[in-house]
There are 2 protein chains.
Amino acid sequence: MERNTRQREVIKQVFESEARPLNPLEILDLAKVSLSRVSVATVYRAIKELIEEKWLTPVKISGQPLYYERDRHHHHHHFYCESCCKVFEVEGCIPVKKLTPKGFSLESHDILLSGRCPACLKQ
Amino acid sequence: MERNTRQREVIKQVFESEARPLNPLEILDLAKVSLSRVSVATVYRAIKELIEEKWLTPVKISGQPLYYERDRHHHHHHFYCESCCKVFEVEGCIPVKKLTPKGFSLESHDILLSGRCPACLKQ
DNA sequence: ATAGATGCAAAGGGTTTGCACTTGA
DNA sequence: TCAAGTGCAAACCCTTTGCATCTAT
């Protein structure tokens, strides 16, 4: 990312204003609000470069496309709303080490909570 | 699944003998050992029907294709080997409820441990 | 001016589907 | 026999890539 183009500016704005993990299609749709012409390719290319810059980091949600969020270098987990498919950050963690089976070497872990988000519960 | 075809017999055998979650490609490759002609389509169709019969259940591993395992109706989690990409069952669980943010309704959770399996550690 | 970034469309992977052929009961 | 099941190839969906064009510097 060596140039500040309107497209990348808008893609970054989208992350700042949504403040939650987004998948490529969500990014594209949100970017289109401010930008008449954006292509998927640009979104994917911007994601790739923003990850290299450590501005974004991928969020793996079981059974879903990859989501991306601001890379704030802190350990946390996620909540996936089964109703609107939005992903939210979850603070805190719990020790999972004791679950590791004998003979296996644990390097990392992910905890994904699923259910309904406040907005969907209100409906 | 109204008929017992050689293909489906072999696909079920593969799950019994491997005793771990498998993805469609793994199933196909393992089935080809016993069967000269098997197509991906058959594997996918068999998976779909075995899920309806509750003989299989999907295992969602973030950022990976769907895996499937015998549906034994018991709560457990998984270990993903970053080296060989094999998935293993992990017994036990830990309470995650307290992580749920205020206003959200928790319906389920997944814990994925990642690292190296015994076979890969030996190499 | 010019290398980097974009849009479009084509190409890749993994999964699904249509259709004529095969096969289990 | 004959409908269910299969293989093959085409179709899909999501992601990546090639290339001519555009644009930030």
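In what follows, chains are A, B, ... by sequence order, proteins preceding strands, each numbered from 1.
A close approach under 4.0 Å does occur between a side-chain nitrogen or oxygen of B:T42 and OP1 or OP2 of D:dG7. Checking the phosphate oxygens (OP1, OP2) of C:dT23, no side-chain nitrogen or oxygen of B:Q7 falls inside 4.0 Å. The phosphate of C:dT17 (OP1 or OP2) has a side-chain N or O of B:K48 nearer than 4.0 angstrom. Distances shown here put a side-chain N or O of B:R8 below 4.0 Å from the OP1 or OP2 atom of D:dT6.
When the P atom of D:dT6 is taken as reference, atom CZ of B:R37 falls 12 Å away, rounded to whole Å. In this structure, CG of A:L25 is placed 13 Å from P of D:dT16, rounded to the nearest angstrom. Residue A:L28 contributes atom CG, which lies 15 Å from atom C1' of D:dC13 at whole-angstrom precision. Distance OH (A:Y67) to P (D:dC14): 12 Å, rounded to an integer number of Å. Separating the CD1 atom of A:I47 from the P atom of C:dA5 is a distance of 16 Å, rounded to the nearest angstrom. In this structure, B:Q64 places its CD atom 19 Å from P of D:dC14, rounding to the nearest Å. What separates CD of A:E53 from C1' of C:dA5 is a distance of 14 Å, to the nearest Å. Regarding B:I11, its CD1 atom lies at a distance of 11 Å from the C1' atom of D:dT6, rounded to whole Å.
Remark: aromatic rings of B:H77 and A:H109 are distant, center separation not under 6.0 Å.
Using a 4.0 Å heavy-atom cutoff across all strands shown, B:V38 reaches sugar-phosphate atoms only and no base atom.
Between B:Y80 and B:Y67, the two ring planes are perpendicular [angle over 60°; tilted spans 30° to 60°].
In the hydrophobic clustering of this structure, A:I111 does not group with B:L112; members are Ile, Leu, Val, Met, Phe, Trp, Tyr whose side-chain heavy atoms approach within less than 4.5 Å, directly or through other members.
Salt-bridge check for B:R70 with B:E16: passed, with a basic side-chain N closer than 4.0 Å to an acidic carboxylate O. Taking a cutoff of 4.0 Å between a charged side-chain nitrogen and a carboxylate oxygen, B:E26 and B:K86 do not qualify as a salt bridge. Note on B:E107 versus A:R116: salt bridge recorded, some NZ/NE/NH1/NH2 to OD/OE distance being below 4.0 Å.
Summary of the strand contacts: B:Y68 and A:L35 both lie near DNA chain C, and taking for each the nucleotide with the nearest heavy atom, the more 5' one is attributed to A:L35.
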| note | 5' to 3', nucleotides 18-25 of chain D under a 4.0 Å protein heavy-atom cut-off (B base, S sugar-phosphate only, - none) gives B----BBS

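Rounding to the nearest 0.5 Å gives a distance of 10.0 Å between CD of A:E82 and OG of B:S105.
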